[in-house]
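Heads up: the structure comes next, in structure tokens.
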Amino acid sequence: MEKYSPQSIEKKWQSKWLDENVYKTEMDEKRPKYYALEMFPYPSGNLHMGHVRNYSIGDVLARFKTMEGYNVLHPMGFDSFGMPAENAAIKHGVKPSDWTYSNIDNMKRQQREMGLSYDWDREVLTCRQDYYRWTQWIFQLFYKKGLAYKKKAYVNWCDTCGTVLANEQVEDGKCWRCDSEVVKKDLSQWFLKITDYADELLKDLDKLQGWPERVRIMQENWIGRSEGLEFELEVPALGEKIAAYTTRPDTVYGITFLALAAEHPLVEKICEANPEKAEAIRDFVKEAQNQSDIERTSSESEKKGIGTGVYAVNPFNGNEAEIWVTNYVLADYGTGAVIGVPSEDQRDWMFATKYNLKKIITLQPKDRELKLEEMTEAYVDKAGILVNSAEFNGMDIKSAMQGIMDKAEKEGFGKRRVNYRLRDWLISRQRYWGAPIPVIYCDDCGEVLVPEDQLPVQLPEDVKFEQGSVSPLAQSEAFVNCTCPKCGKPARRETDTMDTFICSSWYYLRYTDPHNDKMPFDKEKVNYWAPVDQYIGGIEHAILHLLYSRFFTKVLRDAGMLSFDEPFKRLLTQGMVLKDGSKMSKSKGNVVSPEEIIGKYGADTARLFILFAAPVDRDLDWSDEGVEGSFRFLKRVWRIIEIFENQIKAGADEYDIKALTPEEKELRHVLHVTLKKVTDDLGERFNFNTAISTIMELVNAFYKFQNNDKLNPGLAREVSVNLIKMLAPFVPHITEELWAELGFEGSVHQQKWPKYDEAATQKDEVEIVLQINGKVRDRIMIPANISKEEMEQAAKDNQRVQELTEGKTIVKMICVPKKLVNIVVK
RNA sequence: GCCGAAGUGGCGGAAUUGGCAGACGCAGCAGACUCAAAAUCUGCCGUGGUAGCCCCACGUGCCGGUUCGAGUCCGGCCUUCGGCACCA
């Protein structure tokens with residue numbers, strides 16, 4: 001055998017796998033299916049270590065499940081619409097498509113150099129017509145079901161990106177992509193009605209037991225369900241009613257004012273009703289709207305308001321409550337109007353104190369009596385007895401709540417209501433490089449869908465890209481001008497494209513039937529392969545992509561296109577790859593390039609290190625010395641096979657196990673313990689790091705025989721064959737090479753995963769620990785299967801135990817079979 | 001502020017059901033091979049006492065508890081990281 005040289009071995013096998021198309025997958029009803037999926041990347045140009053980690057995890061799983069006998073679907077593609085391509089066009093004058101496709105070519109080459117077992121025939125590119133045609137088709141499906149609609153609203157706008165953003169894409173009041181401040185704009189935009197599914201999206205989180213709990217909790221918080229009462233307050237001066245929502249109906253007798261959002265639709269009418277204050281109110285509204293999103297939504301910022309001199313009537317007791325226009329009430333949550341109950345809500349307390357508004361106590365704790373003049377803050381505990389609340393006086397909170405809501409419903413001015421924090425998904429983007437929204441506007445017919453046989457609405461090629469200008473699509477006369485499909489008159493196309501998160505909300509379904517040109521996917525195929533059995537990706541998608549995909553799956557299910565409720569059965573959120581304790585980034589200069597590492601040590605070493613260095617779901621600090629260690633291990637594997645090459649080839653698959661020496665029996669024991677542990681770690685627990693460390697122990701045990709040329713050939717063969725098979729999912733090239741080198745037929749990756757011999761994992765003799773009062777005092781070897789009494793006797797017979805218990809009374813003895821005897825003495 | 005996760009040698013980490021704390025790897029030290037170095041192989045490697053071993057004490061963020069026995073369970077803190085944050 002020659003020296004281990006990853007560069008030549010890896011190239012050789014990669015082209016062989018590619019030429020022979022060994023990772024091609026077809027439906028097969030005879031075998032159980034397994035769908036392993038890594039989140040597809042954005043084609044930024046190069047793979048980074050996060051990708052390497054993601055794909056290494058997925059590849060081990062796909063290869064392991066294949067060896068276990070599953071029919072494994074393991075596809076890859078590119079989330080290839082999006083801003084960076086357009087920015088490249090603006091900056092360097094390259095076409096977004098050219099930029100994108102050349103990046104894809106480069107990244108695919110890098111993926112191939114990693115030795116990943118993808119079925120490339122199923123590749124999905126979201127920017128290709130054969131894909132976005134169906135993205136548009138699905139949009140139209142949503143439209144026909146009333147789940148896509150256009151409305152005017154105060155939306156999040158990023159000036160740098162020149163487009164609107166979804167709520168989920170605003171982080172701390174800043175754009176998720178470019179970090180610039182987000183402002184509010186009043187625009188007419190397309191939305192998807194995800195709120196229709198809020199309840200199911202929340203409820204079905206219970207079905208996702210294979211997801212990390214924290215992701216489920218994050219989604220739960222994001223959806224933010226609350227129950228309460230919505231009721232109407234009359235405003236005699238306007239001849240109107242204002243609806244308010246509260247989760248504390250028990251406090252309604254304490255209302256002393258009504259707070260409105262600055263954007264509340266009745267604000268202008270209130271100004272008209274009270275001309276004296278109109279100007280001041282309008283100024284206040286303007287000021288509030290000029291505040292940035294961060295200022296307005298921070299809990300630290302000052303709560304301001306202006307009294308309008310117009311009053312609303314509390315329907316419960318007829319009391320008047322002045323209407324205040326404020327900067328803190330959100331226009332798009334609840335009704336945009338909030339009751340002010342100073343004594344039982346801390347924010348209302350501060351607001352009322354600041355503006356000298358009345359406070360009424362309507363809730364008294366059981367153990368003390370509250371007095372307004374002694375109180376310095378609101379009483380917010382949800383415990384006590386109602387006072388000042390008419391017929392509800394003396395009730396506890398729970399019954400008062402029900403009674404008050406019953407009253408509102410009976411008298412017809414209010415209703416129980418569930419509210420969600422989740423808002424509808426704003427999907428229009430004023431950008432070029434995305435799937436055009438397939439809608440036409442006609443002066444006579446209004447909004448008209450582009451007929452299905454005219455899909456896709458294609459992106460025009462002859463457009464200009466300029467910094468800061470309006471969308472290139474809106475400037476393209478040839479694109480905008482069209483005829484109305486209904487009446488044939490001149491009409492205009494929608495020039496907005498879809499949020500790229502739409503494209504990635506269904507790609508995992510397309511993989512099951514990627515070449516279908518009649519439908520997005522065939523029902524039978526999608527139901528065979530999907531849902532995804534194991535999804536692997538970064539935690540950054542905990543809400544965005546994972547919530548949207550769940551929504552899409554449910555809508556497509558309701559449309560009869562598939563028959564499951566959730567797209568991803570199990571989810572694994574991998575940790576980040578760090579260097580020197582912080583995230584790799586160009587600005588910090590701590591980037592380690594996968595290409596360099598693969599060039600120097602080979603893909604097998606890179607994969608092995610990244611899987612060995614830390615548990616998959618934890619952050620991993622990159623270590624150059626650690627990589628050396630992984631490389632060293634592979635060289636050790638290579639050499640030990642080389643040392644025993646002759647025995648392995650001479651050995652038989654069936655041999656006389658009874659003839660083994662005690663040392664050889666021990667090696668065989670280690671082998672089968674390793675098999676058991678590795679199988680368990682890969683299949684049940686995703687403990688790749690400990691699976692590898694166990695294999696290292698096996699190799700260490702094998703090395704004990706390195707100078708022993710009398711090692712039983714059958715055993716040498718058994719150990720080597722199983723060692724190679726166990727390593728195969730992790731390091732596919734070196735194992736394939738060793739497999740061939742030893743003269744075995746076919747690919748190691750098409751072998752059956754080895755079974756362990758239960759008998760060999762047991763031992764005749766075990767070492768147990770002798771404890772006195774819980775402290776280890778000695779260790780002895782005893783037969784594995786002796787009785788409790790025999791164990792106790794063996795412990796008592798032990799010389800050290802006798803020395804240390806001399807003159808003391810044995811109170812108790814605890815025996816744990818095969819582990820320990822604890823003697824409690826006084 | 002609310003919710004969640006984590007805290008173990010010089011470092012990454014292991015300990016699956018409450019049962020030998022520190023597997024495996026990195027770094028370090030020593031030896032073998034070598035003219036020498038690299039590579040490789042072997043051994044040592046938590047702290048302190050004793051200074052060779054044996055042995056003893058201490059030790060999993062801190063304080064307390066349950067238990068024959070706690071890194072693991074319970075109560076109370078501290079620190080770090082992540083998510084949400086005027087949601088009425």
Side-chain angles (χ1 to χ4, degrees), chain A residues 3 171-172 212-222 224-226 228 244-248 251 259 261 296-303 326-330 332-341 345-348 350-351 419-423 539-540 542-543 576 608-609 612-615 617-630 632-633 635-636 639 677 680-681 684-685 687 689-697 699-700 703-704 706-707 767-779 800 811-825:
Chain A
K3 209 180 130 213
E171 297 170 350
D172 270 340
E213 200 193 355
R214 62 175 181 145
V215 175
R216 296 203 309 261
I217 290 171
M218 279 162 79
Q219 292 212 354
E220 195 181 315
N221 292 340
W222 189 261
R225 184 182 197 271
S226 73
Y245 172 75
T246 179
T247 53
R248 288 291 302 274
T251 67
R296 268 192 92 176
T297 57
S298 158
S299 50
E300 259 101 85
S301 77
E302 201 188 354
K303 283 139 199 71
T326 71
N327 67 348
Y328 69 87
V329 174
L330 303 173
D332 56 354
Y333 181 77
T335 61
V338 180
I339 55 172
V341 187
D345 182 279
Q346 184 54 24
R347 193 185 44 204
D348 293 349
M350 285 160 69
F351 193 81
N419 248 313
Y420 297 94
R421 215 193 71 110
L422 182 73
R423 309 295 150 83
I539 186 75
E540 67 273 17
I543 293 170
M576 285 192 300
L608 188 72
F609 168 72
F612 175 63
D617 55 353
R618 235 189 277 181
D619 287 352
L620 176 157
D621 209 351
W622 186 266
S623 145
D624 292 332
E625 294 82 10
V627 179
E628 287 280 353
S630 293
R632 201 145 48 212
F633 170 70
K635 285 191 284 187
R636 255 167 92 76
R639 204 173 320 108
K677 167 117 174 101
D680 197 33
D681 275 352
E684 301 298 320
R685 291 153 39 98
N687 286 351
N689 57 329
T690 54
I692 293 167
S693 71
T694 309
I695 298 174
M696 286 174 169
E697 287 180 73
V699 171
N700 290 346
Y703 260 86
K704 296 243 155 60
Q706 60 178 311
N707 298 318
E767 189 186 68
I768 64 158
V769 167
L770 301 182
Q771 293 184 335
I772 293 170
N773 290 344
K775 297 201 166 167
V776 179
R777 292 303 180 209
D778 208 353
R779 286 154 231 264
R800 254 187 78 68
V811 184
K812 201 175 178 182
M813 287 185 90
I814 288 115
C815 278
V816 182
K818 295 182 197 176
K819 288 226 168 92
L820 61 82
V821 177
N822 187 15
I823 303 164
V824 187
V825 297

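Keep in mind the model is a prediction, meaning the values are calculated, not measured. What's counted below: heavy atoms across the whole structure, side chains too, no hydrogens, waters or symmetry copies. In what follows, every chain begins at residue 1, and chains take the letters A, B, ... in the order their sequences are listed.
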Please tell me which of the listed nucleotides, [options], lies nearest to the side chain of [X]?
X        : options             : answer
A:Arg639 : B:U40, B:A57, B:U16 : B:U40
A:Glu625 : B:G19, B:C24, B:A27 : B:A27
A:Lys677 : B:U16, B:C84, B:C20 : B:U16
A:Val824 : B:C68, B:A88, B:G19 : B:C68
A:Thr247 : B:A88, B:G12, B:U42 : B:A88
A:Arg421 : B:G13, B:A85, B:C41 : B:A85
A:Val769 : B:C24, B:C41, B:C20 : B:C20

Suppose you measure atom [atom1] in [N] against the same atom in [M]; what distance do you get, rounded to whole Å?
N     : M     : atom1 : value
B:G9  : B:G31 : P     : 30 Å
B:U72 : B:C20 : P     : 13 Å
B:C33 : B:U17 : P     : 48 Å

What is the separation between atom [atom1] on [X] and atom [atom2] on [N], rounded to the nearest whole Å?
X        : N     : atom1 : atom2 : answer
A:Tyr333 : B:A88 : OH    : P     : 4 Å
A:Glu171 : B:G82 : CD    : C1'   : 12 Å
A:Asp624 : B:G12 : CG    : P     : 16 Å
A:Tyr245 : B:A88 : OH    : P     : 6 Å

Please say which of A:Val699, A:Asn700, A:Asn707 ends up in a side-chain contact (heavy atoms from CB on, under 4.5 Å) with A:Tyr703.
-> A:Val699
Categorize [X] for me: base, sugar-phosphate, or nothing, with a 4.0 angstrom heavy-atom threshold over every strand shown.
X        : value
A:Phe612 : base
A:Leu820 : base
A:Thr694 : nothing

Could you please name the partner base of B:A57, counting Watson-Crick and G-U wobble pairs only when both distances are under 3.5 Å?
-> B:U47
Partner of B:G10 by Watson-Crick or G-U wobble geometry, both contacts under 3.5 Å, or none?
-> B:C26
Kindly say whether, by distance alone, the side chain of [X] makes a donor-acceptor pair under 3.5 Å with the base of [N]?
X        : N     : answer
A:Arg423 : B:C87 : yes
A:Lys812 : B:C68 : no
A:Arg347 : B:A88 : yes

Under 4.0 Å: is that the gap between some side-chain N or O of A:Asn689 and OP1 or OP2 of B:A14?
-> yes
Would you check, one step at a time, whether the test ring-ring contact (aromatic ring centres under 6.0 Å, His included) holds for A:Phe633 with A:Phe612?
-> CA-CA 11 Å; A:Phe633 170 70; A:Phe612 175 63; 8.2 Å; no
